[in-house]
Amino acid sequence: MVAFFKAEVISIVGLPREDFYLYGDDHEFTARFTTNGIPIYLVPKSRVNDVERSWHIDRMRSSRWGSNRLLQHGEEEKIYRLFYTIRNRIFFETHCLNWRKKPQYYVNLVAYLILLFFQAIFLRLKSDYLPWRSYKVIIMAVKEGFRGHLGK
């Protein structure tokens, strides 16, 4: 994330939260700008060269399922990234955007988790244990996000 703003804005919105640990801190930080009426401007022609490519980008192209959340054989080292991605997103949606007050949020979340469950079961039956393990990590991350448990 690249941001330019006056120093006094920090006295209004505060600094980015360190307890996100990985992923989502920029969403939460910039949401505080709009919540406080501070405009955010998009510069469409700007380009940012990221130091590290997002871990899930290549997976989006290779998934047969339309979902790249379930890890598959050979992706064991990404399990911690999956946890923090999901946990921080759930926290942001429920604590910062207040979507927990909207019934359609729960309908969408439950439907998504049910679809992931069936995908995980199907792949487990094909002898790949990692999708099932990643499903359990997703469930744990959802719980932690709802509870507001951040940090490492």
Side-chain angles (χ1 to χ4, degrees), residues 1-3 13-36 40-152:
M1 175 181 82
V2 177
V13 299
L15 293 170
R17 294 179 61 156
E18 292 182 19
D19 56 352
F20 269 85
Y21 181 61
L22 291 173
Y23 314 118
D25 55 326
D26 51 344
H27 296 106
E28 189 274 337
F29 182 58
T30 55
R32 284 188 266 148
F33 280 66
T34 56
T35 301
N36 286 289
I40 296 174
Y41 300 100
L42 175 67
V43 182
K45 293 188 179 196
S46 65
R47 297 289 177 252
V48 175
N49 292 322
D50 208 343
V51 175
E52 180 184 18
R53 187 179 171 124
S54 294
W55 68 276
H56 56 80
I57 295 294
D58 293 329
R59 305 186 77 251
M60 291 167 59
R61 291 189 203 106
S62 64
S63 175
R64 300 182 318 207
W65 295 97
S67 167
N68 65 340
R69 290 296 179 209
L70 295 176
L71 301 177
Q72 296 186 19
H73 180 73
E75 297 184 309
E76 291 81 359
E77 78 286 349
K78 296 178 180 177
I79 201 87
Y80 78 96
R81 292 177 182 264
L82 176 66
F83 174 80
Y84 290 117
T85 299
I86 299 293
R87 184 208 56 190
N88 294 352
R89 179 174 179 164
I90 294 291
F91 176 86
F92 176 69
E93 292 170 349
T94 59
H95 291 79
C96 303
L97 299 178
N98 276 330
W99 288 358
R100 63 181 163 196
K101 295 180 180 178
K102 299 182 179 197
Q104 61 267 35
Y105 179 75
Y106 293 98
V107 171
N108 186 43
L109 179 63
V110 168
Y112 182 68
L113 292 175
I114 289 170
L115 288 172
L116 282 181
F117 173 79
F118 285 116
Q119 290 175 7
I121 292 294
F122 177 76
L123 292 169
R124 179 65 184 112
L125 293 173
K126 292 179 78 176
S127 300
D128 191 352
Y129 180 73
L130 196 56
W132 180 248
R133 182 174 169 216
S134 58
Y135 179 76
K136 293 191 308 186
V137 166
I138 289 170
I139 295 298
M140 185 172 52
V142 167
K143 289 178 185 176
E144 293 297 300
F146 269 105
R147 293 177 183 146
H149 295 167
L150 295 178
K152 201 169 183 181

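Both backbone and side-chain heavy atoms feed into the values below; hydrogens, waters and symmetry mates do not.
Side-chain contact between D26 and P16 is absent, with no heavy-atom pair separated by less than 4.5 Å. Side chains of R32 and R17 form a contact here, defined as non-hydrogen atoms less than 4.5 Å apart. Put simply, the side chain of Y106 reaches to within 4.5 Å of the side chain of R100, judged on heavy atoms. A heavy-atom distance below 4.5 Å is found between the side chains of L70 and I138. Between L109 and I90, some side-chain heavy-atom pair lies under the 4.5 Å cut-off.
Distance check, rounded to the nearest 0.5 Å: CE of M140 to CG of L82 gives 9.5 Å. For the atom pair CZ of R89 and NE2 of H27, the computed distance is 8.5 Å after rounding to the nearest 0.5 Å. One distance of note links CD of E75 with OG of S134; it measures 8.5 Å at 0.5 Å rounding. The distance from atom OG1 of T85 to atom OH of Y80, rounded to the nearest 0.5 Å, is 9.5 Å. Note that the CD atom of E93 and the CH2 atom of W99 stand 5.0 Å from one another [nearest 0.5 Å]. Put simply, CD on Q119 and CD1 on I121 are 11.5 Å apart, with the number rounded to the nearest 0.5 Å.
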### Task
Take F83 and E144 through the test side-chain contact (heavy atoms from CB on, under 4.5 Å) and record every step on the way to the result.
CA-CA 10 Å; F83 174 80; E144 293 297 300; 4.1 Å; yes
### Task
Could you walk me through whether T94 and Y105 pass the side-chain contact (heavy atoms from CB on, under 4.5 Å) test, one step at a time?
CA-CA 9 Å; T94 59; Y105 179 75; 3.6 Å; yes
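Nearest heavy-atom pair, T34 versus A31, reported as atom, atom and distance to 0.1 Å: OG1-O, 3.0 Å. Across every non-hydrogen atom of P44 and L42, the tightest pair is CD-O, 3.3 Å. The shortest heavy-atom contact between K136 and Y129 is NZ-OH, 3.6 Å. The nearest pair of heavy atoms linking A120 to P131 is CB-O, 3.9 Å.
In this structure, F91 has its ring center closer than 6.0 angstrom to the ring center of F20. Two rings, from W132 and F117, have their centers less than 6.0 Å apart. Aromatic rings from Y84 and Y23 are positioned such that their centres are separated by 6.0 Å or more.
Residue R87 forms a side-chain contact (heavy atoms from CB on, under 4.5 Å) with just one option from L150, L22, V137, and that option is L150.
Shown here is E18, whose CD atom has no more than 12 heavy atoms of other residues, nucleotides or ligands within 6.0 Å.
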